[in-house]
Amino acid sequence: MKVAVYPGSFDPITNGHLDIIKRALKIFDKVIVLVSINENKKYHFTNEEKIKMIKEALIEEKLDNVEVDSYSGLTLDYCKKINANVLIRGLRIVSDFEYEWSLAAANEFIDSNIEMVFFMAHQKTSFISSSSINEMFNNGVDVSSLVPNAVVKMYKNKLL
Ligand code: ADP
């Protein structure tokens with residue numbers, strides 16, 4: 001079975017992330033969405049909230065063969081632990097390429113058995129980032145066409 005790990009902050013999951021998952025499912029039998037926990041980073045949502053939104057979004061989109069997990073160490077160590085050797089990432093703009101290139105080079109240095117596979121963002125969702133979604137929502141912009149319903153629901157819950 002071909003398993004791929006899709007690591008990221010997912011703060012929150014967006015339609016852009018979902019597009020990458022759908023593309024990956026055309027090639028891999030199973031995708032594991034891995035919420036990376038970094039104690040030094042300040043997130044909008046808690047780890048539990050992120051996982052809840054991802055799980056609900058996967059049900060909403062009827063995406064089987066996708067699991068959700070979180071990990072606070074090196075993503076490469078997580079891959080080793082579950083015996084996976086492919087990491088998925090998404091590419092939007094040129095600056096993504098620069099960032100992903102250095103990440104891929106560092107990963108190659110640490111463990112050359114793990115391959116990184118990149119998917120190009122869909123033109124309709126390529127402008128979406130979790131941080132821009134948070135900023136738009138905080139400034140009263142309707143983001144419901146850019147994120148799954150579960151995210152809109154969570155934003156509203158947080159406001160209560
Ligand atoms: P990270 O902090 O690890 O970059 P993100 O959740 O921001 O976590 O992104 C995880 C991965 O998903 C990255 O490879 C990023 O480029 C990709 N990604 C994020 N938003 C989109 C989008 N709108 N379309 C395609 N890929 C995306």
Side-chain angles (χ1 to χ4, degrees), residues 3-28 30-58 60-61 63 66-79 82 84-111 114-138 141-152 154-155:
V3 179
V5 176
Y6 181 24
S9 304
F10 302 101
D11 188 39
I13 185 165
T14 69
N15 290 351
H17 291 125
L18 284 171
D19 176 57
I20 298 296
I21 295 170
K22 286 176 194 167
R23 287 167 193 268
L25 284 171
K26 292 181 189 166
I27 297 171
F28 298 98
K30 185 163 98 179
V31 171
I32 300 176
V33 179
L34 187 69
V35 178
S36 308
I37 305 170
N38 183 343
E39 303 296 342
N40 300 318
K41 270 197 191 171
K42 210 176 164 301
Y43 297 116
H44 193 84
F45 293 99
T46 66
N47 199 36
E48 291 70 30
E49 287 170 336
K50 290 179 190 180
I51 290 174
K52 189 170 188 290
M53 289 185 284
I54 297 170
K55 284 187 174 166
E56 282 182 32
L58 294 173
E60 219 176 277
E61 293 287 321
L63 292 176
V66 185
E67 285 177 14
V68 188
D69 205 351
S70 62
Y71 196 66
S72 62
L74 273 183
T75 305
L76 297 179
D77 287 339
Y78 176 86
C79 290
I82 64 153
N85 62 356
V86 176
L87 279 179
I88 295 169
R89 299 283 288 173
L91 289 175
R92 287 161 295 186
I93 43 177
V94 177
S95 57
D96 267 356
F97 177 82
E98 287 178 14
Y99 176 71
E100 298 292 342
W101 188 89
S102 60
L103 194 63
N107 282 348
E108 177 93 54
F109 172 75
I110 299 168
D111 186 348
I114 310 265
E115 290 298 335
M116 289 187 77
V117 174
F118 299 92
F119 292 92
M120 285 291 176
H122 191 284
Q123 44 165 327
K124 283 194 180 145
T125 48
S126 60
F127 69 99
I128 305 174
S129 68
S130 299
S131 54
S132 68
I133 293 286
N134 285 326
E135 198 172 337
M136 283 192 264
F137 180 81
N138 286 335
V141 178
D142 178 4
V143 295
S144 57
S145 60
L146 308 177
V147 292
N149 285 330
V151 173
V152 177
M154 187 67 81
Y155 273 128

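All values below come from the heavy atoms of this structure, side chains included, with hydrogens, waters and symmetry mates left out. Read the numbers this way: they start at 1 and go in the same order the structure lists the ligands and their atoms.
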Open item on the list: I'd like to know if Glu48 and Lys52 make a salt bridge, using a cut-off of under 4.0 Å between side-chain N and carboxylate O.
Closed with: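 Between Lys52 and Glu48 there is no salt bridge, as every charged N stays at least 4.0 Å from the carboxylate O atoms.
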Contacts satisfying side-chain hydrogen bond (donor to acceptor under 3.5 Å, both in side chains) that involve residues 94-106 (not counting sequence neighbours) are Arg89-Glu100, Arg92-Asp96
Here the side-chain hydrogen bond (donor to acceptor under 3.5 Å, both in side chains) pairs for residues 35-44, sequence neighbours left out, are none
> When you check the side-chain N and O atoms of Asp77 and Tyr71, is any donor under 3.5 Å from an acceptor?
Replying inline: no
Would you call the rings of Phe137 and Tyr155 parallel, tilted or perpendicular, taking 30° and 60° as the class edges?
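Parallel, since the angle between the ring planes stays under 30°.
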Sorted by chain and number, sequence neighbours left out, side chain to side chain donor-acceptor pair (under 3.5 Å) with Lys124 holds for none
Tabulated below should be the N or O atoms of ligand 1 paired with protein N or O atoms at under 3.5 Å; can you produce that?
from: ligand 1; atom 1: 2 (O); to: Ser9; atom 2: OG; distance (Å): 2.7
from: ligand 1; atom 1: 3 (O); to: Arg89; atom 2: NH1; distance (Å): 3.2
from: ligand 1; atom 1: 3 (O); to: Arg89; atom 2: NH2; distance (Å): 3.4
from: ligand 1; atom 1: 4 (O); to: Arg89; atom 2: NH2; distance (Å): 3.3
from: ligand 1; atom 1: 6 (O); to: Ser9; atom 2: N; distance (Å): 3.3
from: ligand 1; atom 1: 6 (O); to: Phe10; atom 2: N; distance (Å): 3.0
from: ligand 1; atom 1: 6 (O); to: His17; atom 2: NE2; distance (Å): 2.9
from: ligand 1; atom 1: 8 (O); to: Ser9; atom 2: N; distance (Å): 2.9
from: ligand 1; atom 1: 12 (O); to: Tyr6; atom 2: OH; distance (Å): 2.7
from: ligand 1; atom 1: 14 (O); to: Arg89; atom 2: NE; distance (Å): 3.2
from: ligand 1; atom 1: 14 (O); to: Gly90; atom 2: N; distance (Å): 3.0
from: ligand 1; atom 1: 14 (O); to: Gly90; atom 2: O; distance (Å): 3.3
from: ligand 1; atom 1: 14 (O); to: Glu100; atom 2: OE2; distance (Å): 3.1
from: ligand 1; atom 1: 16 (O); to: Gly90; atom 2: O; distance (Å): 2.7
from: ligand 1; atom 1: 20 (N); to: Arg92; atom 2: NH1; distance (Å): 3.2
from: ligand 1; atom 1: 23 (N); to: Thr125; atom 2: O; distance (Å): 2.9
from: ligand 1; atom 1: 23 (N); to: Ile128; atom 2: O; distance (Å): 2.8

